[in-house]
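Proteins come first, then strands; the chains are lettered A, B, ... in the order of their sequence lines, and each starts at number 1.
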Amino acid sequence: MQEVPAIRFENITKAFGTKVVANKNVTMDIQKGEIMALLGENGSGKTTLMNMLSGIYRQDEGQIYINGEEVQITSPKDAYDLGIGMIHQHFKLVDVFTAIENIAMGMDKKETGSNKDITEKVQEICDKYGFDVDPKKKVYNMTVSEKQTLEIVKTLYRGANMLILDEPTAVLTPQETDKLFAVMRNMKADGKSIIIITHKLNEVLAISDRVAILRKGEYIDTVLTAEASVQSLTDMMVGEKVELDIDRPEVEAKEKRIGVSHLTCLDKYGVKALDDVTFDAYGGEILGIAGISGSGQKQLLEAIAGLQRCEKGSSIVYYDNSNNVETEMVGMTVSEIKKMGVSLAFVPEDRLGMGLVGSMGMSDNMMLRSYKKGHSPFTDRKGPRDLALRVKDELEVLTPNVTTPVRKLSGGNVQKVLVGREIASEPTVMMAAYAVRGLDINTSYTIYRLLNEQKKKGVAVIYVGEDLDVLLALCDRIAVLCGGKLNGIVDGRTATKEEVGLMMTHLNEEKQEVQANG
Amino acid sequence: MFAAFFHRAVLQAISLLFGCTGEILTEKSGNLNLGIPGIMYVGGISGVIGGFLYENSLESKDDANWFLAIFIPLICCLIGSLIMGLIYCFLTTTLRANQNVTGLALTTFGVGIGKYFGGVLIKLVHADVPSVTVSTTSNFYKASLPIAQDLGWFGEMFFGYGFLAYTAIIIAVIAAVFLKRTRPGLNLRAVGENPATADAAGISVTKYKYLATCIGSMIAGMGGLYYVMNNASGVWSNNGLDNIGWLAIALVIFTVWKPNFAILGAFLFGALSIAPYYLSLYEIVDINLRTKPFFDMLPYIVTVIVLIFNSLRKKRETQPPEALGLSYFREDR
C-alpha cells in the first residue's frame with residue numbers, strides 16, 4: 001500500500017533573475033515520520049527549495065502537495081498554517097526579547113492566551129521531547145544551542161508537523177549535536193516529518209532514513225541511508241569520483257614562528273573574551289583552534305593580526321628566523337606590522353565584511369592587498385587583474401568575469417577568492433577562521449589541500465574550525481579554547497573527538513580528563 | 001513663580017512630546033523618519049489652512065461653533081501629516097529607498113510646503129506683517145477648564161492647558177502601554193528589531209511599517225498644530241517649527257525609545273528652553289545675543305551626554321531598534 005507522502009514537490013523550478021536557476025524540475029517526496037537528509041554541493045539549491053516550502057520564496061513553476069493536497073504557500077504564515085516549520089541557518093529570533101516573547105510574537109492572543117499560558121504549553125512540549133528552555137531568558141544571553149532549541153520549540157508550539165532544519169549542527173559541539181539528534185528521533189517517533197540539510201555526511205548517515213540528493217539545482221535521486229556510504233553519497237553529489245582523504249604531510253624542519261603569551265582581550269561589551277592565553281605556533285605546522293563558537297577564536301586571530309586591542313601583560317612575539325629578529329607585535333597597527341616585514345595572511349570569519357569588499361570585483365579585491373606597492377601615484381591595475389585571472393583558473397572560481405562584484409558569487413566561490421588572494425601574498429603566517437563554513441565537501445577539500453600546501457612551504461598555519469573530524473584529520477596540534485581560556489593543546493594524531501569535545505565545554509575537569517585519556 | 005515656570009515649561013513641552021511619541025512609534029517599526037520637522041510644518045500649516053477657511057466662512061467671529069473650530073483644523077492637520085507619512089512609507093518601505101535621504105528630503109519638502117502656503121495665506125489677507133492669524137480658532141484650542149482659575153497655583157500647574165496638552169500625555173501613555181504590554185506592540189517591536197524574523201513568524205512587516213509610520217506622522221503633525229494654535233496663539237509666521245522637529249528627534253534618543261520617559265524628557269527639554277528667560281528675569285544671568293545661543297544648545301548637549309552614557313553602558317534594552325534605518329526585502333540574499 002502506497003502511503004500519501006507528507007510533502008511532495010512536483011516539477012519545482014525557481015530562478016533568480018535570468019541567469020541563475022536555483023531549482024530545475026525538482027520532484028521528490030517526504031513521508032510521514034521520517035527523517036530525510038537533503039544533500040548537495042554549495043549552490044545546488046537545497047536552501048532555496050526549502051525556502052519555497054516555508055514561504056520565503058515563491059516557485060516559478062511546479063506544485064507543492066501537503067498530505068496529497070495541492071497548496072499555495074505565499075508567505076511564512078501560510079507555511080505555519082500548514083504545519084511547516086523551518087529552523088533557518090541564521091536563527092530567526094529577536095535578541096532583546098525573552099524566549100516566551102519570541103514564541104508569542106506574530107500569534108493571535110485569542111489563540112495563545114496570556115504569556116503564562118504560553119509558558120505552560122512550552123513546558124509541556126519541553127517535557128514531551130526532552131528540551132530545556134528558560135522562558136524568561138533574553139535571547140542575547142543564550143548560547144547557540146539554546147537559541148536553536150528555542151527555534152525548534154517555537155515551531156513545535158505553532159503546531160508544526162513538518163520540520164526543516166537548515167544546517168543545524170554547523171555551530172554545535174558534538175555533545176550538543178547528540179542531544180539534538182536524540183530530540184529529532186523523539187519527534188520522528190511522534191510521527192513528524194523532518195528534513196535536515198547538512199554538509200556533514202557522517203551525520204547524514206547517523207540520523208536520516210533516506211537521503212535526497214540535489215546537484216546544480218536538479219534532483220538526482222533518493223537513496224536509503226542504510227544502503228549508502230560517505231563515498232557513494234559524495235560521488236552522487238559531485239557527479240564524479242572524489243578522493244576523500246585529508247592529507248597530513250609531515251614537515252621536518254619546524255621553526256617557532258609566533259609566540260603568544262598571557263594574551264588577554266576584551267570583547268565589545270567589556271567582558272574578557274580571551275583570558276591569559278599562552279601558546280606557540282610553528283612554521284610547517286597546522287595549529288588547529290577548537291572551541292564552541294564565541295569562545296574567543298575571533299579575538300585570538302584578530303589580536304595576532306593587529307586588529308584587536310590587547311590588555312596589559314599580553315605579548316605576541318614574531319620570530320624571524322632567517323634574520324634572527326624577534327618582534328613584539330602587541331600595540332602595533334596593521335600597517336606597522338606590515339612594515340616590519342611580517343607577512344600575515346588572514347582569512348576572517350566574516351568574508352564579505354572583513355575579508356572582501358562585496359561590491360567590488362575580483363581584481364579590485366586583489367588590489368586591496370597591493371595598492372601601496374610601487375612609487376607611481378597611480379595604482380597598478382594590471383598586476384591584480386592577472387592575479388585575479390590566475391586565482392580564477394587555479395581554484396576554479398565560478399564567476400562570469402573578474403569584474404563581477406564578489407557579492408554576487410556563491411559562498412564557496414567567495415571563499416576561494418579570499419583564500420587565493422591571501423595565499424598569493426606569500427605569507428609566513430596564515431590564519432583562517434571557519435574557512436569551510438557553509439562550503440560543500442568538494443570545495444572544502446580544495447581548501448584543505450591549499451592549507452597543506454602552505455604548511456609544506458613552511459608557513460605557520462592557524463586554523464579555526466568547527467568540524468572536529470576535520471580538525472583531527474588536518475591539524476598537527478589542536479589548541480582548545482573554553483570560555484576564553486586555553487584549555488590545553490592536544491596532538492591531532494592521538495586525540496579523540498570526545499576528548500576535544502569535552503575540553504570545549506568543561507574547563508576545570510580538563511586536566512584529569514587528559515590524564516585519564518592519555 | 002514656580003507655578004508660572006512650570007506652566008510655561010509644559011506649554012513648550014507638548015509639541016516636543018507629540019513629535020517624540022510619533023517618532024518613537026515610527027522608529028520602533030525600523031523606520032528612521034528624519035522628516036519629522038517637515039511633517040510638523042505640514043501639520044501646522046494644514047491646521048492653519050483649515051482654521052483660516054473656517055473663520056473666513058463665518059459672517060462674524062461670534063458665530064464660531066467650538067466643535068467645528070476645533071474639528072476642522074484638527075482633521076486638516078491629520079490628513080496633511082498622514083500624506084507625509086504615506087509618502088515616506090511608499091518611498092522607503094515599498095520602493096526601499098534610503099531612509100535618511102528620504103527623511104531629509106521630506107523635511108525640506110515639508111518646510112517648503114509650510115512656507116509656501118503660509119505665503120499664499122499672507123497674500124490673501126493683504127496683511128502688513130508677514131504672518132497670518134487664526135485667533136478665533138486658536139482661542140478654542142487654548143481654552144482650559146474653568147476650574148483652573150479657581151484653584152490658584154495648583155490650577156495653573158495642572159489644569160491651565162488646552163485639551164491638546166492632555167491628549168499628548170494620554171497618547172504617550174497609551175503608546176507606552178501598547179509597546180510594552182500588547183501583542184501588536186510586541187509584533188511592532190519585532191519588526192523594528194529584526195524584520196526577517198518577524199516575517200518568518202507570520203507578521204506582516206509592510207503593514208506594521210505603514211501603520212506605525214503613518215500613525216506616528218499624524219501624532220507628530222499634531223505637535224505642529226499645537227505649536228501654532230497654543231504656543232503662537234494662532235499666528236503663522238513661517239518659522240519656529242524646525243527647531244522643535246529636530247529637538248523631538250533628539251528627544252527620542254534621550255528617552256531611549258520609551259514614550260513614558262518622553263513625558264518627563266519633553267518637560268525637561270521644555271524647561272531648558274525657557275530657563276534662560278526666567279534666569280534673566282530674576283537677574284541670575286544676563287541673557288543677550290552672546291549668551292542666548294549657549295542656552296539654546298542645552299537640550300542638544302544633554303542629548304549628546306545621554307548618548308555617550310548610553311553607549312558606554314551598552315545595555316541591550318536601551319539601544320535603538322536593531323534594524324533601524326534598514327529596508328527589508330524578503331527575497332534578499
Side-chain angles (χ1 to χ4, degrees), chain A residues 14 16-17 20 22 47-48 51-52 54-58 74-81 85-88 90-98 100-115 118 138-141 151 154-155 157-158 267-271 407-408 410-411, chain B residues 24 27-30 93 98 177-212 256-258 308-324 326 328-333:
Chain A
K14 168 81 186 174
F16 292 100
V20 191
T47 306
T48 308
N51 274 337
M52 279 184 267
S54 67
I56 306 278
Y57 298 153
R58 188 92 174 88
T74 55
S75 75
K77 196 168 169 20
D78 291 351
Y80 270 124
D81 293 343
M86 180 156 174
I87 288 64
H88 295 265
H90 306 284
F91 300 133
K92 304 264 185 204
L93 296 170
V94 177
D95 276 351
V96 292
F97 285 6
T98 62
I100 291 299
E101 283 176 328
N102 265 294
I103 293 173
M105 71 180 182
M107 298 199 73
D108 197 337
K109 200 155 191 168
K110 282 184 209 120
E111 280 172 47
T112 62
S114 68
N115 283 3
I118 299 176
K138 293 267 169 95
V139 171
Y140 62 80
N141 283 327
E151 276 275 43
K154 185 170 119 187
T155 50
Y157 178 87
R158 288 171 171 239
D267 69 5
K268 61 176 176 173
Y269 296 108
V271 181
R407 174 166 43 86
K408 295 197 173 159
S410 78
Chain B
I24 290 176
E27 291 196 9
K28 280 290 179 187
S29 76
T93 307
N98 180 299
V177 173
F178 169 77
L179 285 172
K180 202 166 161 52
R181 299 252 173 257
T182 68
R183 195 58 60 80
L186 183 76
N187 293 350
L188 175 62
R189 283 189 287 144
V191 169
E193 290 289 337
N194 194 334
T197 297
D199 195 10
I203 300 168
S204 169
V205 175
T206 310
K207 187 177 101 187
Y208 271 89
K209 275 183 179 264
Y210 261 89
L211 276 177
V256 293
W257 292 267
K258 289 192 166 62
I308 293 171
F309 271 100
N310 203 12
S311 325
L312 283 178
R313 208 156 48 124
K314 291 175 181 130
K315 197 166 166 243
R316 291 295 292 265
E317 280 77 6
T318 58
Q319 300 302 317
E322 213 168 303
L324 184 61
L326 307 172
Y328 172 66
F329 177 47
R330 187 187 282 165
E331 295 208 3
D332 244 354
R333 304 224 280 174

Indicate the atoms forming the closest heavy-atom contact of B:Gly202 with A:Lys77, along with that distance. O-CD, 3.6 Å

Name the option with the most non-hydrogen atom pairs under 4.5 Å to chain A; the candidates are B:Ile203, B:Thr182, B:Leu186. B:Leu186

Quick one: closest heavy-atom pair of B:Asn187 and A:Gly106, and the distance? OD1-N, 2.7 Å

Counting distance only, does the side-chain N/O of B:Asp199 pair as donor-acceptor with the main-chain N or O of A:Pro76 below 3.5 Å? no

Structural part of A:Asp81 lying under 4.5 Å from a heavy atom of chain B: neither

Within-4.5 Å side-chain heavy-atom neighbours: B:Arg189 and A:Val96: no

So which part of B:Glu322 gets closer than 4.5 Å to some heavy atom of chain A, the side chain, the backbone, both or neither? side chain

With sequence neighbours excluded, tell me which residues meet salt bridge (charged side-chain N to carboxylate O under 4.0 Å, His left out) with A:Glu111. none

A:Lys109 atom NZ: more than 12 heavy-atom contacts under 6.0 Å: yes

B:Arg183 versus A:Asn115: any side-chain heavy-atom pair under 4.5 Å? yes

Compare every heavy atom of B:Thr197 with every heavy atom of A:Met105, then report the nearest pair and how far apart it is. CE-CG2, 3.2 Å

Which residues pass the salt bridge (charged side-chain N to carboxylate O under 4.0 Å, His left out) test with A:Lys138, sequence neighbours left out? B:Glu317

With a 4.5 angstrom heavy-atom cut-off, is it the side chain or the backbone of A:Arg407 that approaches chain B, or both, or neither? neither

Can you tell me which portion of A:Thr112 sits under 4.5 Å from chain B's heavy atoms? Options are side chain, backbone, both or neither. side chain

Minimum heavy-atom distance between B:Glu193 and A:Val94, given as atom pair plus value: CB-CG1, 3.5 Å

Among A:Lys92, A:Lys154, A:Glu101, which residue has the highest count of heavy-atom pairs closer than 4.5 Å to chain B? A:Lys92

